[in-house]
There are 2 protein chains.
Amino acid sequence: MFLRIRDDLAKRIDKQQFESGSRLPSERLLAQEYKVSRMTLRQATTLLVNQGKLLRKPGSGTYVSAQNNEVSENLKGVTSFTQIMRSQGKTAKTKFIFLKRHQPSLIEASNLEISRDQDVITMERVRYGDDEPIAYEITTVPVALVGNITRNEMAGGLYQYLEEKGFRFGKAIQEFSALVPNVNICKRLDLTNGQAALFLRQTSYLTDGKPFEFVQTYYAGDRYRVYLQRE
Amino acid sequence: MFLRIRDDLAKRIDKQQFESGSRLPSERLLAQEYKVSRMTLRQATTLLVNQGKLLRKPGSGTYVSAQNNEVSENLKGVTSFTQIMRSQGKTAKTKFIFLKRHQPSLIEASNLEISRDQDVITMERVRYGDDEPIAYEITTVPVALVGNITRNEMAGGLYQYLEEKGFRFGKAIQEFSALVPNVNICKRLDLTNGQAALFLRQTSYLTDGKPFEFVQTYYAGDRYRVYLQRE
DNA sequence: TAGTGGTCTAGACCACTAT
DNA sequence: TAGTGGTCTAGACCACTAT
């Protein structure tokens, strides 16, 4: 129930039915409109407040955030390359390099919490913003969980594919560091030898705590930034 | 009320009164113990779930996370070098390089939201884990806000100094990228020429939205990682 | 002074887990 | 089948804002 209300409110904000900066109807009114209790309505708006889309001013009202969209977009965006590019007015493009089924490396197995004799599928891709290479992405998923996914299913959107299979996504753990990539990746990213890359390792989990993907990404250091907001 | 319960539960977890991995008393029991309604008790535990300290398994119970402490420590730790080192069993040391009062650069002025004729104070330091250099930190604060802070006050803990002056801290925005630092910083960090550094820019704000510090940090790429948890 | 968000209560029913 | 977390209700009082 409260998730449906959240989605509906988010839509109304995106459609500018609630204008940026304006005050929302009071919690009591909105609860009436959605025919739920005020506590339930607050569960919905709390999610939007945490996302930065709404702003609460005690004693005054609940407001549509002015521009905070940017920050929270960037926050979410780390998991969606397409979103980041779009928010910068660029078109995300992808070049498929290869997909293969194989036994996992030590680091893949430990991050996906499987043993080394359980097969995984790895896909490598270059990500572009307009026509500039931005990132080299290596995605690994366990066969035991996702089945024998095809190239098209995987490249067409792993998340969508898994969602349709009934999986629900939970937390993700990310680890950033910096390094100078190997020659092959430097070439793919148009990096002069010796230029730095932001290196991200991400493990994503289902709601039951099972890891379903392990992604290693090299971002061209001079063309990419990660924004985060604390508190 | 629910904040007090959260703090109390957190203490009991830290004291291992609730052991790592074990099941907590049910929400109904804990609510009884704290003499609050179940909804209020859930407000408290929800905060700990979001922090990663607790784990809910519907139909089964609420559990103390096994090791997830690391992650949330790392999350907080990004703003406190000392904490990160301690969590890795290392001792944080600091070497003071210099402190000077000067007119801000363009980037300093814009991040601190001041004009270029308003003085700032900049401090540069090397941060060590045990005896290994980990980070080169450049901290800039506006004189108009913090006054003519001395070297000891600033190096002894800017946050403590400001807190004593009655300031309250709000959000912080961080931006990560990767680069190869200049020769001077490479030397300070014992980096061979050409090694990469994780570059962090952070602007920290007071509760009223005024920026009070702008920090630029170069982390030795091979000796430092930033961990984040999403959702 | 009327209206707002912040918090809390004391229940209720549900799907699920563990046995 | 008993117990658990997930969600929801229909109220209530509070401090605060806006006027």
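Values in this document were obtained by computation on a predicted structure and should not be read as measured data. Lettering follows sequence order; numbering is per chain, from 1.
Between the P atom of C/dT4 and the CG atom of A/L54 lies a distance of 16 Å, rounded to the nearest Å. When the P atom of D/dG3 is taken as reference, atom CZ of B/R23 falls 11 Å away, rounded to whole Å.
Secondary-structure annotation of DNA chain C gives the stems C:1-18 with D:1-18, with a stem taken as at least 3 successive Watson-Crick or G-U pairs whose two distances both fall under 3.5 Å.
Put simply, the side chain of B/L200 does not reach to within 4.5 Å of the side chain of B/V215, judged on heavy atoms.
A/D7 is linked by a side chain to side chain donor-acceptor pair (under 3.5 Å) to nothing, counting only residues two or more places apart in sequence or in another chain. Among residues two or more places apart in sequence or in another chain, the side chain to side chain contact (heavy atoms under 4.5 Å, CB included) test is passed with A/K100 by A/F98, A/H102. Applying the side chain to side chain donor-acceptor pair (under 3.5 Å) criterion to B/E153, with sequence neighbours excluded, gives B/T150. With sequence neighbours left out, B/L106 forms a side chain to side chain contact (heavy atoms under 4.5 Å, CB included) with B/R116. Residues that satisfy the side chain to side chain contact (heavy atoms under 4.5 Å, CB included) test with A/R23, not counting sequence neighbours, are A/Y63. Residues forming a side chain to side chain donor-acceptor pair (under 3.5 Å) with B/D8 (at least two apart in sequence, or on another chain): B/Y34. B/L29 meets the side chain to side chain contact (heavy atoms under 4.5 Å, CB included) test with B/P25, B/S26, B/Q32; sequence neighbours excluded.
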Base, backbone or nothing for each nucleotide of nucleotides 6-13 of chain D, written B, S, -, heavy atoms under 4.0 angstrom, 5' to 3'?
BBBBB-BB

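Under 4.0 angstrom from either OP1 or OP2 of D/dA18 there lies at least one side-chain N or O belonging to A/S60.
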